[in-house]
Amino acid sequence: MRRVSLILAAAFALLCATAAVTLAAGKPLTFGLLLVGPYNDKGYSQAQYEGGKYVEARLPGSKMLYLDKLNPADRPGVTIPQVVDDLAAKGATLIFAGSDDMKDGIREAATQHPELTFVHVSGDDVLTGKAPKNLGNLFSKMEYAKMMAGFSAAMTTKTGKIGFLGPLINDETRRLADAAYLGARHAWVDVRGNKPEDLTFKVSWIGFWFNIPGVTADPNQLAGSFFDQGFDVIISGIDTPEALTVAAARRNAGADVHALPYDYKDACQGAPEACLGVPYFNWGPPFLTIAKAVDDGTYKPAFTWLSPDFAALNDPDKSPVGFMPGKGLSAEAQKALDAFVADLGSGKANLYAGPLTYQDGSVFVPAGHTATDKELWFCPQLLRGMEGASASK
């Protein structure tokens, strides 16, 4: 009798343990999101925050934990591993790190927490072989939306002078500035029939992703300086909408100027008449794809660089990047832009076909070739035809 009781007890214990494992496996996903700027910045960080909310709305039971302003100026002394420790203690099993600046910290945190899954947005540790087994990379090919921004700017400018307000200088930011220039040159030369040497495309860098008083150059002053020098369109590469704000103020004073903000789909709402459009990230679909895969145990860390859905560019459930035209864009320019987008989608327009040359005269893409993804990703310089620094002093 005692043996039967022991067998029943053991069976009951095994049943309980199995039930506990089943419940644990079915536990709703909690994920962490690390934002470099304010969650409501009307730019890069807000786009990621809304991507996280998209996941919460579509993955039953999922919960987002986030920390914004994760940068040395706003949170001095706070490290990425410290933040991850806190998120892990609160139950997060998936961590999205939102900025290139988090590369070293998120790699360290991933090494310290092999039980968690990490995704570094904009990083390339998988590509370079530095990533721990639980760390993947995610980014979207914003280059094409930046081409659309450059195209819109060149279709609009009356002076032939386009300014690009850049953040800090690295491979990503050079790559995006180059893409905007290629889009502008295509519109200026191939659509409008102007000479390439009559287009001025100048890049000025502020020193970080957004304004930090006393640390970066003031984007309001740089934008104003562009307009003072006769530039009539500014393309923003920073996370926040100062370029558009300054353009709106100049228009209110009678100037015929425009700007294109960056990152956030609704950025034009701040000054509709001054806005030609906004290239933006749509993080919801790619975040959701990864969250579902982590939730069901099928996610395998990889270097993922997603292309736009050119046929559904502004569909919130499809394309990972988009371009939302603004009220400042003329009907003629809009028609030309639509044709350009269609040509990008079909491959008829291939702006990465050679010959392309860097500022110092070295070859980027030789004639008869098209740049590979790896050649595009690691971008050492601005292109010939652009003004501005390719490296920090």
Side-chain angles (χ1 to χ4, degrees), residues 44 96-100 102-103 106-107 118-131 135-151 166-167 169-183 185-186 237 262-263 279-283 285-287 289-290 293 299-313 318-323 340-359 362-384 386 390:
Y44 184 77
F96 290 100
S99 176
D100 180 77
M102 300 176 186
K103 179 181 289 188
I106 207 64
R107 186 193 307 136
F118 294 81
V119 176
H120 183 203
V121 177
S122 82
D124 54 20
D125 273 7
V126 175
L127 189 62
T128 61
K130 296 179 181 179
L135 173 63
N137 295 129
L138 171 69
F139 213 42
S140 300
K141 292 184 178 178
M142 175 55 68
E143 289 72 19
Y144 293 101
K146 284 292 192 184
M147 288 178 184
M148 297 170 203
F151 186 95
I169 306 176
N170 65 14
D171 285 330
E172 175 190 335
T173 60
R174 285 187 292 256
R175 192 170 68 235
L176 294 176
D178 286 353
Y181 168 69
L182 289 174
R185 189 181 68 177
H186 179 71
Y262 180 37
D263 291 322
Y280 67 90
F281 287 102
N282 180 27
W283 292 112
F287 279 7
T289 297
I290 290 173
Y299 177 70
K300 295 182 179 180
F303 175 77
T304 303
W305 197 16
L306 300 170
S307 295
D309 185 332
F310 291 101
L313 197 61
K318 292 185 178 179
S319 187
V321 293
F323 183 85
F340 177 55
V341 172
D343 287 347
L344 286 174
S346 69
K348 181 179 179 181
N350 179 7
L351 304 194
Y352 286 126
L356 294 173
T357 306
Y358 288 123
Q359 275 185 332
S362 60
V363 175
F364 169 32
V365 185
H369 294 269
T370 295
T372 65
D373 276 1
K374 194 169 184 178
E375 289 169 339
L376 290 174
W377 184 265
F378 297 107
C379 180
Q381 295 183 47
L382 300 181
L383 296 175
R384 174 167 285 184
M386 302 170 70
S390 283

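Just so you know, residue 1 is the first one in the sequence shown, and it goes up from there.
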(request) Quick one: closest heavy-atom pair of Leu127 and Asn137, and the distance? (result) N-OD1, 4.2 Å
(request) Heavy atoms only: give me the nearest Ser99-Tyr44 pair and the separation to one decimal. (result) CA-OH, 4.4 Å
[atom1] of [X] to [atom2] of [Y]: how many Å apart, nearest 0.5 Å?
X      : Y      : atom1 : atom2 : answer
Met386 : Arg174 : CE    : CZ    : 11.0 Å
Leu383 : Gln359 : CG    : CD    : 8.0 Å
Leu138 : Leu306 : CG    : CG    : 5.5 Å

(request) Would you please say whether a donor-acceptor pair under 3.5 Å links the side chains of Trp305 and Asp373? (result) no
(request) Give a yes or no on whether a salt bridge exists between Arg107 and Asp125, defined as a side-chain N under 4.0 angstrom from a carboxylate O. (result) yes
(request) In plain terms, say whether Lys146 and Asp178 are close enough for a salt bridge, that is, a side-chain N and a carboxylate O under 4.0 Å apart. (result) no
(message) Would you call the rings of Phe151 and His186 parallel, tilted or perpendicular, taking 30° and 60° as the class edges?
(response) tilted
(message) Between Asp124 and Phe378, is there a side-chain heavy-atom distance shorter than 4.5 Å?
(response) yes
Under 3.5 Å: donor-acceptor pair, side chain of [X], backbone of [Y]:
X      : Y      : answer
Ser319 : Ala312 : no
Ser122 : Asp100 : yes
Ser362 : Tyr358 : no
Glu375 : Phe364 : no

(request) Please test Phe340 against Phe310 for ring-ring contact (aromatic ring centres under 6.0 Å, His included), starting from the C-alpha separation and ending with a verdict. (result) CA-CA 10 Å; Phe340 177 55; Phe310 291 101; 9.1 Å; no
